[in-house]
> 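Encoded as structure tokens, here's the structure I'll be asking about.
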Amino acid sequence: MTKKEKLWQKAINSPQNLTFDEFERLLRQTGWILSRQKGSHRLWCSPKGKVLPIQPRKDGKAKVYQVQQFIKYQEEEECL
């Protein structure tokens, strides 16, 4: 299993334990592009045009609902 696959499985199985850095790495690895940033808010765009605003929690982890939204978008785009 590659590092990318392990990170994807971690996001699916325990999104509450995904760090914000890991989340951004996963976004980059799947072809998402950082569109812009204002303060801690970052706007990522998928290869097919979906937009995902994200920001870290105070403890450096990714927000669970944002990881789940990313997974949903990613699965939808892979099916198209």
Side-chain angles (χ1 to χ4, degrees):
M1 186 180 285
T2 67
K3 288 182 180 182
K4 179 181 172 183
E5 292 168 335
K6 285 180 183 177
L7 197 51
W8 177 253
Q9 285 304 312
K10 182 177 181 180
I12 291 172
N13 296 330
S14 60
Q16 70 278 6
N17 293 323
L18 198 67
T19 68
F20 191 72
D21 289 340
E22 289 173 329
F23 187 29
E24 287 196 306
R25 187 176 329 126
L26 188 57
L27 286 161
R28 275 194 291 302
Q29 289 174 345
T30 52
W32 289 63
I33 297 171
L34 179 60
S35 173
R36 68 176 190 262
Q37 178 174 348
K38 185 169 185 175
S40 65
H41 291 75
R42 300 173 188 183
L43 197 64
W44 286 80
C45 296
S46 76
K48 296 192 178 172
K50 295 256 189 198
V51 177
L52 181 66
I54 66 170
Q55 66 275 348
R57 294 186 338 204
K58 292 188 187 326
D59 63 1
K61 301 265 186 183
K63 293 186 177 182
V64 174
Y65 76 93
Q66 292 172 346
V67 175
Q68 291 169 337
Q69 188 175 21
F70 160 70
I71 291 168
K72 179 182 172 220
Y73 286 170
Q74 193 63 25
E75 289 173 345
E76 287 173 0
E77 289 198 359
E78 289 175 0
C79 291
L80 297 177

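Worth saying up front: this structure is predicted, and the values here are computed from it rather than measured.
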> Please lay out, stage by stage, how Trp32 and Gln74 fare under the test side chain to side chain donor-acceptor pair (under 3.5 Å).
CA-CA 10 Å; Trp32 289 63; Gln74 193 63 25; 2.8 Å; yes
> Excluding sequence neighbours, so at least two apart, what forms salt bridge (charged side-chain N to carboxylate O under 4.0 Å, His left out) with Lys50?
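Residues passing salt bridge (charged side-chain N to carboxylate O under 4.0 Å, His left out) with Lys50: Glu76.
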> Shared ILVMFWY cluster between Leu18 and Ile12, side chains joined below 4.5 angstrom?
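In one cluster: yes.
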> Could you report the tightest heavy-atom contact between Val51 and Cys45, atom names first, then the distance?
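Looks like CG2-SG, 4.2 Å.
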> I would like to know whether Phe70 and Gln66 meet side-chain contact (heavy atoms from CB on, under 4.5 Å); could you show each step before the answer?
CA-CA 6 Å; Phe70 160 70; Gln66 292 172 346; over 6 Å; no
> Check side-chain hydrogen bond (donor to acceptor under 3.5 Å, both in side chains) between Lys10 and all other residues, then give those that pass, not counting sequence neighbours.
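Here the qualifying residues are Glu22.
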> Which heavy-atom pair separates Gly49 from Glu77 by the least distance, and what is that distance?
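In terms of heavy atoms, the two residues are closest at N-OE2, 4.4 Å.
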> For Arg57, give me all partners under salt bridge (charged side-chain N to carboxylate O under 4.0 Å, His left out), at least two apart in sequence or on another chain.
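Partners of Arg57 under the salt bridge (charged side-chain N to carboxylate O under 4.0 Å, His left out) test: Asp59.
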> Mind listing the closest non-hydrogen atom pair of Gln55 and Ser40 along with its distance?
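Scanning both residues, the minimum pair turns out to be CB-O, 3.4 Å.
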> So if you build clusters from Ile, Leu, Val, Met, Phe, Trp, Tyr with side-chain heavy-atom gaps below 4.5 Å, do Leu43 and Phe20 land together?
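In one cluster: no.
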> Is a side-chain donor or acceptor of Gln37 paired with a backbone partner of Gly39 at a separation under 3.5 angstrom?
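Indeed, once roles are kept as given, a pair shorter than 3.5 Å links the two residues.
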> Assess the residue pair Ile54 and Gln69 against the criterion (side-chain contact (heavy atoms from CB on, under 4.5 Å)); give the C-alpha distance rounded to whole Å, side-chain angles, the decisive distance to 0.1 Å, and a yes or no.
CA-CA 10 Å; Ile54 66 170; Gln69 188 175 21; over 6 Å; no
> Atom CH2 in Trp44, atom OG1 in Thr30: separation rounded to 0.5 Å?
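Atom-to-atom, Trp44:CH2 and Thr30:OG1 are 8.5 Å apart.
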> Answer yes or no: is there a side-chain heavy-atom contact under 4.5 Å between Lys61 and Gln16?
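No, every pair of side-chain atoms sits at 4.5 Å or beyond.
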> Could you measure the distance from the CD1 atom of Ile33 to the CZ atom of Arg28? Nearest 0.5 Å is fine.
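Rounded to the nearest 0.5 Å, the CD1-CZ separation comes to 12.0 Å.
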> What's the spacing between Arg42 CZ and Glu24 CD if we round to 0.5 Å?
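Reported to 0.5 Å precision, the distance equals 4.0 Å.
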> Using the rule that two of Ile, Leu, Val, Met, Phe, Trp, Tyr join whenever any of their side-chain heavy atoms come within less than 4.5 Å, decide whether Leu34 and Leu7 are in one cluster.
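Same cluster.
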> Does any part of the side chain of Pro15, heavy atoms only, come nearer than 4.5 Å to the side chain of Gln68, both counted from C-beta?
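Gln68 reaches Pro15 side chain to side chain.
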> Closest approach of Leu52 and Tyr73, non-hydrogen atoms and distance?
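Result for this residue pair: CD1-CE1, 4.3 Å.
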